[in-house]
Amino acid sequence: MADFYAVLGVPRDASDDDIKKSYRRLAMQWHPDRNGGAKEAEEKFKTITEAYDVLRDPQKRAAFDRYGEAGLRGGGQQQYEHVDLSDALNTFMRDFGGFGDLFGGQAGGRRSGPRAGADVKLPLPLTLAEVATGVEKTVVLKVLEACDKCEGSGAESGTKPQTCNTCGGAGEVRRAQRSFFGQFVSVAPCPTCAGEGVVVSSPCKKCRGEGRARAERTLKVQVPAGVATGQYMTLRGSGNVGPRGGTRGDVLVVFEVEDDERFERDGEDLFCEALVTYSQLVFGADIRVPGVLGDLSLRVPAGTQSGTVFQLRGRGLPRVNATGTGDLHVKVQLWTPQAVEGEEASVIERLGALQGQAPPQREKGFWSKMKEALGA
Ligand SMILES: [Zn+2]
Ligand SMILES: [Zn+2]
């Protein structure tokens, strides 16, 4: 019996975060895309994903803690099955966004029968304000739908697809091959029916036997708050239908957050600058600063140095799929007028005469810190 804790190398009282981290590290190591599809890597990847899938779910984890693996099967309440490779890949993509070529070929063994449709990649532009609140978007997608004439079978009306003679409907063929090391058997998709198990002898005229046609599909996408460019979510079973009755592929919604020139973003934290006048720094002032969802007020205390950074707690972006919100860091910068004249010029001239030279740095300056760092 598998000990899922040992599989992930975490103690039994590991936090959700520990479990996630450990899984992620192992998954990056054993992901089939990183191991050239090696069989042991696939097996390892499935095993760790299965463990992760149980331990990340509080209900399944509790059942496993009490009864072990048997606790996951019994009851019939929560159907538990060993994951296959595509489930495992989907779990990893769902929680970690995968890496590298998301939209490359499908990994793992092909099953016989109707082939599943291809995934559809859907770029979804978002504003920073939409990221802050989360948003429901309605999108229109070009996909392949089942042909209405033949209802997806690919066969002309009045006819039916026939069981393939080459493979007898199994969709795969076995070949015994002799080699220097002896005889071995290989299994390959049937060349006649391409693994589908059936052949269409009189194809539907509308779809030429393909069983599907181009169409538009309207989808609602619930975008969670806090997402970033490059992250994506998988809408399982919303993509193209497969040829001749194949199931639908997925839609991968890829987020593209538009640049907002007012802010720099680092995860859930935002950074911005606010210009202030000299008198505002000297006497203090309430100033307006940009916030994602509208301007905010910031109290600049009297005697503030230019370059000071103020932290507005909870005014950043929400953490994606977690609780808590980041901060907004506002750097106040002294605004220097480019040209002054008249009274403004004379007041500043007078001020210059009164102040003379700025005092030497009171705090430890750049050079002394640098010397300290160098151990001088
Ligand atoms: Zn058709
Ligand atoms: Zn066949």
Side-chain angles (χ1 to χ4, degrees), residues 33 86-108 114-152 154 206-207 210-268 270 291-294 316-323 325-326:
D33 289 356
S86 76
D87 290 338
L89 291 167
N90 275 321
T91 299
F92 178 72
M93 292 225 303
R94 181 196 63 208
D95 289 8
F96 298 98
F99 52 79
D101 180 14
L102 304 179
F103 312 108
Q106 221 135 7
R115 281 173 289 159
D119 295 341
V120 179
K121 179 188 170 187
L122 173 71
L124 187 64
L126 297 169
T127 65
L128 209 53
E130 288 171 334
V131 171
T133 54
V135 65
E136 184 186 87
K137 290 261 179 179
T138 303
V139 292
V140 179
L141 200 65
K142 287 192 167 40
V143 291
L144 293 166
E145 295 283 352
C147 168
D148 51 9
K149 186 99 184 294
C150 62
E151 290 169 341
K206 188 169 178 191
C207 64
E210 174 78 7
R212 50 187 189 166
R214 300 211 160 273
E216 284 189 341
R217 186 159 207 231
T218 305
L219 285 179
K220 280 195 182 356
V221 184
Q222 287 292 343
V223 181
V227 297
T229 295
Q231 290 179 332
Y232 63 93
M233 61 194 283
T234 307
L235 306 177
R236 287 187 87 160
S238 295
N240 295 312
V241 297
R244 291 167 291 280
T247 54
R248 282 186 188 277
D250 301 333
V251 172
L252 305 175
V253 183
V254 185
F255 305 122
E256 290 176 354
V257 183
E258 291 162 12
D259 274 338
D260 186 324
E261 60 193 17
R262 299 171 302 166
F263 303 104
E264 291 287 326
R265 178 179 181 181
D266 180 15
E268 60 262 16
L270 292 173
V292 197
L293 299 174
L317 299 170
R319 292 187 184 96
V320 65
N321 292 330
T323 53
T325 305

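Heavy-atom basis, side chains included; hydrogens, waters and symmetry copies ignored. Predicted model, so just to flag it, every value in this text is computed and none were measured.
Looking only at side-chain heavy atoms (C-beta outward), Lys137 and Glu130 come within less than 4.5 Å of each other. In this structure the side chain of Cys150 never reaches within 4.5 angstrom of the side chain of Lys206, judged on heavy atoms. Inter-residue side-chain proximity for Val223 and Phe255 is flagged as met; some heavy-atom pair is nearer than 4.5 Å. In this structure, Leu219 and Thr138 have side chains that are not in contact, with every pair of non-hydrogen atoms separated by 4.5 Å or more. Using a 4.5 Å heavy-atom threshold, the side chains of Val135 and Leu126 count as touching. A heavy-atom distance below 4.5 Å is found between the side chains of Leu270 and Leu128. Using a 4.5 Å cut-off on side-chain heavy atoms (C-beta onward), Arg217 and Ser238 make contact. Side-chain contact between Lys149 and Cys207 is absent, with no heavy-atom pair separated by less than 4.5 Å.
In this structure, the side chain of Thr325 does not engage the main chain of Leu317 through any donor-acceptor pair within 3.5 Å.
Note: Asp119 CG to Arg236 CZ = 10.0 Å, rounded to the nearest 0.5 Å. Distance check, rounded to the nearest 0.5 Å: CD of Glu216 to NZ of Lys142 gives 4.5 Å. To the nearest 0.5 Å, atom CG of residue Leu252 and atom CG of residue Leu122 are 9.0 Å apart.
Residues Val251 and Leu141 come closest through the heavy atom pair CG2-CD2, 3.6 Å. In plain terms, the two heavy atoms of Asn240 and Val143 that are nearest each other are OD1-CA, 3.3 Å. Here the shortest heavy-atom pairing between Val292 and Ala132 reads CG1-CB, 4.0 Å. Between Glu258 and Pro125 the shortest heavy-atom distance is OE2-CB, 4.0 Å. Listed here is the closest heavy atom pair of Glu256 and Pro123: OE2-CB, 3.5 Å.
Look at Arg214 and Glu145 and you find no salt bridge, because none of the NZ, NE, NH1 or NH2 atoms lies under 4.0 Å from a carboxylate O. Electrostatic pairing of Asp260 and Arg265 does not count as a salt bridge here, judged by no charged N lying under 4.0 Å from a carboxylate O.
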Exercise. Step by step, would you call Val221 with Met233 a side chain to side chain contact (heavy atoms under 4.5 Å, CB included)?
Worked result: CA-CA 9 Å; Val221 184; Met233 61 194 283; 4.2 Å; yes

For this session: Could you give me the CA-CA distance, side-chain angles and deciding distance for Asp250 and Leu235, then say whether side chain to side chain contact (heavy atoms under 4.5 Å, CB included) is met?
Result: CA-CA 6 Å; Asp250 301 333; Leu235 306 177; over 6 Å; no

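Remark: Glu151 engages no residue in a salt bridge (Lys or Arg N to Asp or Glu O under 4.0 Å) (not counting sequence neighbours).
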